[in-house]
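For reference, the structure discussed in these notes is given below.
Residues: numbered from 1 along the sequence shown. Reckoned from all heavy atoms, side chains included, excluding hydrogens, waters and symmetry mates.
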Amino acid sequence: VVVTENKAVVASCTKVGDVDGASALNRLLLRDKARDAALTQLKAAGADLGASHVLSPVADIKWKGEDYKGVAYRC
């Protein structure tokens, strides 16, 4: 599963559901480690839905830790 912040990548894909990359552990981790953990959670949640991509702000390298949510798509 690919996590992206670029809407154009999923423009022609089918939405399969909403996913969340947050966990209680993320709040305790440093931002870089929280981002890695959130990406892992988003990929796993997307895979559970049969998605190939997840659109999420977590994919942005400048992500600040505010939003852990994403939308899963099958392309």
Side-chain angles (χ1 to χ4, degrees):
V1 175
V2 176
V3 181
T4 182
E5 78 279 5
N6 186 345
K7 290 181 181 180
V9 172
V10 297
S12 63
C13 304
T14 303
K15 180 181 174 180
V16 294
D18 296 320
V19 291
D20 193 345
S23 73
L25 180 61
N26 289 358
R27 309 278 184 231
L28 302 174
L29 296 172
L30 297 173
R31 187 170 34 219
D32 288 344
K33 293 201 182 287
R35 181 173 177 266
D36 290 345
L39 286 170
T40 299
Q41 289 285 105
L42 288 167
K43 288 178 182 183
D48 287 346
L49 294 175
S52 60
H53 292 72
V54 172
L55 180 65
S56 174
V58 178
D60 186 346
I61 194 71
K62 294 177 265 176
W63 177 75
K64 302 269 192 250
E66 313 83 32
D67 185 4
Y68 288 85
K69 299 194 182 312
V71 180
Y73 292 88
R74 185 176 303 120
C75 300

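Criterion: ILVMFWY side-chain heavy atoms under 4.5 Å apart, direct or through other members. Under it, Leu55 and Val3 are not part of a common hydrophobic cluster. Grouping the Ile, Leu, Val, Met, Phe, Trp and Tyr side chains by contacts below 4.5 angstrom, directly or via other members, places Val1 with Trp63. Val54 and Val71 are members of different hydrophobic clusters when ILVMFWY side chains are connected at heavy-atom separations under 4.5 Å.
Contact between Ala38 and Val58 at its shortest, heavy atoms only, is CB-CG1, 3.9 Å. Across all non-hydrogen atoms, the minimal contact from Ala34 to Tyr68 is CB-OH, 4.2 Å. Minimum heavy-atom separation, Asn6 to Ala8: OD1-N, 2.9 Å.
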Verify side-chain contact (heavy atoms from CB on, under 4.5 Å) between Val19 and Leu49, making sure each step is shown before the conclusion. CA-CA 9 Å; Val19 291; Leu49 294 175; 3.7 Å; yes
side-chain contact (heavy atoms from CB on, under 4.5 Å), that's the test. Do Val16 and Tyr73 meet it? Break it down for me. CA-CA 5 Å; Val16 294; Tyr73 292 88; 5.7 Å; no
Working for salt bridge (charged side-chain N to carboxylate O under 4.0 Å, His left out), residues Lys15 and Asp18: CA-CA 8 Å; Lys15 180 181 174 180; Asp18 296 320; 3.7 Å; yes
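The closest donor-acceptor contact from the side chain of Ser52 to the backbone of Cys75 lies under 3.5 Å. Arg35 places a side-chain N or O within donor-acceptor distance of the main-chain N or O of Ala59, the cut-off being under 3.5 Å.
Remark: Lys69 pairs with Asp20 by the side chain to side chain donor-acceptor pair (under 3.5 Å) rule, at least two apart or across chains.
Distance check, rounded to the nearest 0.5 Å: OG of Ser56 to CG of Asp67 gives 6.0 Å. Summarising the geometry, atom SG belonging to Cys13 is positioned 10.5 Å from atom CZ belonging to Arg74; distances are rounded to the nearest 0.5 Å.
Looking only at side-chain heavy atoms (C-beta outward), Pro57 and Glu5 stay at 4.5 Å or farther from each other.
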